[in-house]
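In what follows, every heavy atom counts, from backbone to side chain, and hydrogens, waters and symmetry copies are set aside. To find a chain, count down the sequence lines: A is the first, B the second, and so on, and within it residues start at 1.
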There are 2 protein chains.
Amino acid sequence: MQQPVTDAPEDEPQTGDADAVLRELLGYHIKRAQSAIQADLNAALKPLDLRMLTFSALAVVASSPGLRQAQLADALSIERPNLVVILDELERRGLILRDRVPTDRRAYALKATLEGRRLFEAAQAAVRAHEAALFTGISPEDQVRLREMMQRIWRAGEGARE
Amino acid sequence: MQQPVTDAPEDEPQTGDADAVLRELLGYHIKRAQSAIQADLNAALKPLDLRMLTFSALAVVASSPGLRQAQLADALSIERPNLVVILDELERRGLILRDRVPTDRRAYALKATLEGRRLFEAAQAAVRAHEAALFTGISPEDQVRLREMMQRIWRAGEGARE
DNA sequence: TATTGTTATACTCTATAACTATA
DNA sequence: TATAGTTATAGAGTATAACAATA
C-alpha cells in the first residue's frame, strides 16, 4: 500500500503546504473558522448597519432591559471603557436609552427603544440565517457536541487564568 | 420532577442570564472559546517574547524555508503589508533572514537562523503544552471531529465569500 | 473608601491605496 | 504592464490608569 507522497523536490516547498506546521494545531483550525464566522456575520449585519459587537450589545439590552453598563460589559466580556462608545453609537441612533437609576444616581438602566427592538428582531433573523448557512455541513447532533466542546475549552481557559 | 426555576422577579434580570440571547448562537460559543485559546496561547508564548502571529510566522518560515513573503502572507491568511512589521521584528531579533532571490531580485527567500529554529522548537513545545492543557476535556476522537467541523465551517465561509 | 460611567491612551490586528524596484 | 516588497494610513477590538460624581 505504498503511497506516492509527492513529486516536488523537498527544498522547494509547495505553497499549499506551507502552513502544514500550523494545521497540526487545533487552535489554528478554530481560529480560521472563527474568522470565517465573524466575516460572514458582519457581512450579514452590514445591511442593518450593525457589527458583531453592536449587535451583541443591542441583543442583550433588548432582551434584558434594565441592565447597567457594568453588567452589560460583563455579559459581553468586554471592559467597561470599551462599552461606552458602543452605547454612544446605539443611543445616538435612537436604538437604546440610558435611563438614570433613581436609587443609584451613578448608574444607568439600559433599555431598547421600539426602534431598537425592531432592529434587533430583524438582526436576529439575519444572524439566524447566517448561522444556518455556515453550519449546514454540521448535523444538529454535532452542533450540540460542538457547543459542549467550546464550553469546555472556555472553562479550561477560565481555570488557567486564575 | 418539577424544578424550581428561579426565585428572582422577571423584570429584574439576573446578571448571569443577561447573555441568554447570545448563548443560543453557536458562533458565540466558538468566539468565546477562540478568545480563551488566544489568551492562553499568548500567555504560553510570552516567556519566549512571541505572540500568536510572530509564532505562526516563525513556525512556517522555520519549517518551509525558501518561502517568499507573499507566500508566507498567504499561508498566514494576512495581507502582505501587515507581514512586513512582523518579519522586521523577527529579523531584528536575528530569528530569520531575508535572502535575496538571485533569479528574481524583487523577492526575498525567507529562512530561519539557527537561533530562530531553536526558538521555534521551544515555542512549539510551549504551544503543544498549551493545547494539551486547554483540550484535556475533549477526547482524541472528539478532537478529530472538532477539526473536521472547523474545516467545514471555514469552507462554508470561503464559499460565501465568492 | 468603593463603585459607575467616563476620558485618555496605547497596543494589536486588519485592510487598502500608492510607491519603488524589479520583471 | 505586472509583480514583490514597502510605506502610509485608517479602522476595529482590546486593555489599563485616572478622573468626577455618587454611594
Next item on the list: Round to a whole Å and report the spacing from CD of B:Gln69 to P of C:dT22.
Entry: 15 Å
Notebook entry, point to check: Is B:Asp142 salt-bridged to B:Arg147, cutoff N-O under 4.0 Å?
Noted result: no
Margin query: Of all nucleotides in DNA chain D that come within under 4.0 Å of a heavy atom of chain B, which is furthest toward the 5' end and which toward the 3' end?
Written below: D:dA2 to D:dT14
Next item on the list: Check side-chain hydrogen bond (donor to acceptor under 3.5 Å, both in side chains) between B:Gln38 and all other residues, then give those that pass, not counting sequence neighbours.
Entry: B:Gln34
Notebook entry, point to check: Rounded to the Å, how far apart are A:Asp88 CG and C:dA8 P?
Noted result: 12 Å
Check: Quick one: do the B:Arg100 and B:Tyr108 side chains pair a donor with an acceptor below 3.5 Å?
Finding: yes
Next item on the list: Taking salt bridge (Lys or Arg N to Asp or Glu O under 4.0 Å) as the test, write out the residues that go with B:Arg152, two or more places apart.
Entry: none
Note to self: Going by side chain to side chain contact (heavy atoms under 4.5 Å, CB included), name the residues that satisfy it together with B:Ala44, two or more places apart in sequence or in a different chain.
What the structure shows: B:His130
Please write out the pairs of protein N or O atoms and N or O atoms of nucleotides 9-13 of chain C separated by less than 3.5 Å, giving the distance to one decimal.
from   : atom 1 : to      : atom 2 : distance (Å)
C:dC13 : OP1    : B:Arg51 : NE     : 3.4
C:dC13 : OP2    : B:Arg51 : NE     : 3.0
C:dC13 : OP2    : B:Arg51 : NH2    : 3.0

Notebook entry, point to check: Just by distance, do the side chain of B:Glu131 and the backbone of A:Gly27 share a donor-acceptor pair under 3.5 Å?
Noted result: yes
Next item on the list: Only counting residues at least two apart or in another chain, list the ones meeting side-chain hydrogen bond (donor to acceptor under 3.5 Å, both in side chains) with A:His29.
Entry: none
Next item on the list: Would you jot down, in residue-number order, the residues of residues 89-111 of chain A having a non-hydrogen atom under 4.0 Å from DNA chain D?
Entry: A:Asp104, A:Arg105, A:Arg106
Next item on the list: Say whether, by atom type as modelled, one donor and one acceptor occur between the side chain of B:Gln143 and the main chain of B:Phe135 under 3.5 angstrom.
Entry: yes
Margin query: Applying a 4.0 Å non-hydrogen cut-off, can you work out what B:Glu79 is touching in the nucleic acid: base, sugar-phosphate, or nothing?
Written below: base
Next item on the list: Just jot down the salt bridge (Lys or Arg N to Asp or Glu O under 4.0 Å) partners of A:Glu115, sequence neighbours excluded, or say none.
Entry: none
Check: Where do A:Ile37 and A:Leu134 come nearest, in terms of heavy atoms and distance?
Finding: CA-CD1, 3.6 Å
Next item on the list: Whole angstrom is fine here: how far is it from CG in A:Leu83 over to P in C:dG5?
Entry: 9 Å
Atom pairs and distances, donor-acceptor, side-chain atoms in residues 90-97 of chain B, under 3.5 Å, two or more places apart:
from    : atom 1 : to      : atom 2 : distance (Å)
B:Glu91 : OE1    : B:Arg98 : NE     : 3.2
B:Glu91 : OE1    : B:Arg98 : NH2    : 3.3
B:Arg93 : NH1    : B:Asp49 : O      : 2.6
B:Arg93 : NH2    : B:Leu48 : O      : 3.3

Interface polar pairs with nucleotides 17-20 of chain C, N/O, under 3.5 angstrom:
none

List the atom pairs, with distances to 0.1 Å, where a side-chain N or O of residues 51-62 of chain B and a protein N or O form a donor-acceptor pair under 3.5 Å, not counting sequence neighbours.
from    : atom 1 : to      : atom 2 : distance (Å)
B:Thr54 : OG1    : B:Arg51 : N      : 2.7
B:Thr54 : OG1    : B:Arg51 : O      : 3.1
B:Ser56 : OG     : B:Met52 : O      : 2.7

Margin query: Going by the rule salt bridge (Lys or Arg N to Asp or Glu O under 4.0 Å), which residues pair with B:Asp104 if we only count those two or more places apart in sequence or in a different chain?
Written below: B:Arg68, B:Arg106
